[in-house]
There are 2 protein chains.
Amino acid sequence: MSKTLEFFFDYASPYSYLASAQVEVLAVRTGVELRWRPFLLGAVFKATGNVPPISCPAKARYLFKDLAHWTQFLGLPPCRFPEAFPIPSIKANRLGLVAAEQGLIAPFSHAAFRAAFVDGKDLGDGAVLEEVARASGLEPGPALARIENQEIKDALRRNTEEAVARGAFGAPTFFVGEEMFFGNDRLMLVERMLRGA
Amino acid sequence: MSKTLEFFFDYASPYSYLASAQVEVLAVRTGVELRWRPFLLGAVFKATGNVPPISCPAKARYLFKDLAHWTQFLGLPPCRFPEAFPIPSIKANRLGLVAAEQGLIAPFSHAAFRAAFVDGKDLGDGAVLEEVARASGLEPGPALARIENQEIKDALRRNTEEAVARGAFGAPTFFVGEEMFFGNDRLMLVERMLRGA
């Protein structure tokens with residue numbers, strides 16, 4: 001495996017959820033290593049002056065219809081949204097890094113995205129995080145304790161700063177080497193590049 | 001033909017150009033009528049509070065790389081950009097409506113987008129518009145005179161206001177009935193809907 005596909009995302013981002021349902025099979029098809037890299041989308045917006053789509057009312061109205069079209073297109077269950085919006089995802093993102101330490105970030109990510117966007121659960125709620133941790137094979141107690149560790153907090157901040165330094169302004173963002181692709185809707189361009197076209 | 005695909009666009013919009021290269025074959029494949037509907041993107045931004053991607057520096061940097069990936073993906077020539085940015089497109093948009101009166105909006109649109117994004121010519125320049133008009137089968141003199149007519153000015157304003165009233169916030173925007181799709185990157189979702197899936 002010579003190539004790597006880096007996938008920067010935030011568990012609060014519905015388009016990251018859509019990407020999460022496609023990246024693994026894409027990596028298998030193209031024979032590359034997939035790196036799941038949680039970052040903090042709110043901090044990316046702040047650093048770049050970008051704004052979430054929800055801040056333009058017409059865009060916000062469209063977003064829900066767009067997500068419905070996408071879930072149908074991809075064969076995913078209908079989207080539900082947590083009531084707390086924007087979704088408080090910092091703990092979930094840190095927990096993703098804890099899962100990564102144990103080689104469990106893929107199952108953790110699917111469980112976390114599913115909790116947020118299929119079940120409409122609040123990722124800021126400790127009980128929900130416990131449930132997601134358990135579902136993905138983590139021991140909930142130690143894992144939730146570890147997200148308060150400075151090492152994990154720093155790792156999330158570093159992922160965020162690195163993504164911004166490399167040009168990211170939103171989520172999901174993909175890198176193939178230093179070639180950047182923004183959005184779940186660019187995965188066919190990512191695949192084209194991974195195939196060396 | 002029972003269904004119609006409405007394609008709202010502005011000749012200043014590079015993503016509308018990418019869509020223009022795909023919509024005709026999509027309409028043929030799905031057996032629907034294609035309606036080319038120029039509008040004024042600047043007025044859409046003003047009405048909705050949306051901002052052009054270029055207003056976030058990181059997004060602006062990405063836009064040029066993204067367009068390069070897209071043109072390669074679609075087999076189009078490399079993009080060049082006019083020096084005047086944002087592209088002053090109001091006259092080109094009105095000329096598109098004049099072309100539509102003569103059943104020539106498809107060839108006119110290809111010529112106008114090509115002038116702007118392949119040849120990097122200034123669509124605000126009367127000589128360029130003349131050339132584009134001629135290339136698409138219009139008589140340049142009468143066509144350029146007609147864009148000053150109030151009927152044409154009103155028609156462009158009406159297209160713009162109608163698109164905003166129906167939910168548009170950017171370009172290109174597609175409608176299948178009242179189902180809206182935003183972006184050249186949503187054409188596979190448009191196609192899915194046109195096939196009644």
Side-chain angles (χ1 to χ4, degrees), chain A residues 8 15 18 22 44-75 163-171 173-197, chain B residues 8 15 18 22 44-75 163-171 173-197:
Chain A
F8 284 91
Y15 291 103
L18 296 180
Q22 302 168 74
V44 173
F45 285 143
K46 199 174 266 182
T48 57
N50 195 10
V51 290
I54 213 94
S55 54
C56 166
K59 266 191 179 175
R61 279 189 293 275
Y62 173 65
L63 181 127
F64 295 98
K65 295 184 182 179
D66 186 42
L67 291 170
H69 291 145
W70 272 104
T71 53
Q72 287 161 20
F73 183 72
L74 296 172
V164 168
R166 292 168 74 186
F169 51 82
T173 294
F174 307 95
F175 286 94
V176 178
E178 281 319 300
E179 207 67 48
M180 187 179 96
F181 299 85
F182 169 63
N184 139 71
D185 46 30
R186 295 299 186 269
L187 283 173
M188 77 294 188
L189 301 179
V190 167
E191 181 153 1
R192 189 177 173 279
M193 173 133 301
L194 286 172
R195 293 187 187 280
Chain B
F8 284 90
Y15 291 103
L18 297 180
Q22 303 168 72
V44 172
F45 284 143
K46 197 174 267 184
T48 57
N50 195 10
V51 289
I54 214 93
S55 53
C56 167
K59 266 191 178 175
R61 280 189 293 273
Y62 173 66
L63 181 127
F64 296 98
K65 296 183 181 179
D66 185 43
L67 290 171
H69 290 145
W70 272 104
T71 53
Q72 287 160 21
F73 183 72
L74 296 172
V164 169
R166 292 166 75 184
F169 52 83
T173 294
F174 308 95
F175 286 94
V176 177
E178 281 319 301
E179 207 67 48
M180 187 178 95
F181 299 85
F182 169 63
N184 141 70
D185 46 28
R186 295 301 187 267
L187 283 173
M188 76 294 186
L189 301 180
V190 168
E191 181 153 2
R192 189 177 173 279
M193 174 135 299
L194 286 172
R195 293 186 187 281

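Remember, it's a predicted structure, so these values are computed and weren't measured experimentally. Letters go in sequence order (proteins before strands), and every chain restarts at 1.
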Nearest-0.5 Å distance that lies between atom CG in Leu187(B) and atom CG in Asp185(A): 11.5 Å
Point-to-point distance, once rounded to the nearest 0.5 Å, from CD of Glu178(A) to NZ of Lys65(B):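 Here the rounded value is 8.5 Å.
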Any side-chain heavy-atom pair of Arg192(A) and His69(B) under 4.5 Å: no
Parallel, tilted or perpendicular: ring planes of Phe182(B) versus Tyr62(A), cut at 30 and 60 degrees: perpendicular
Max heavy-atom pair count under 4.5 Å with chain A, selected residue of Arg61(B), Met180(B), Arg186(B):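 When all of Arg61(B), Met180(B), Arg186(B) are compared, Arg186(B) has the most.
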Shortest non-hydrogen contact between Gly167(B) and Ala58(A), atoms and distance: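 Looking at all heavy atoms of both residues, the closest pair is O-CB, 4.0 Å.
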Heavy-atom pair of closest approach, residues Cys56(A) and Thr48(B):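 Heavy atoms of Cys56(A) and Thr48(B) come nearest at SG-O, 3.5 Å.
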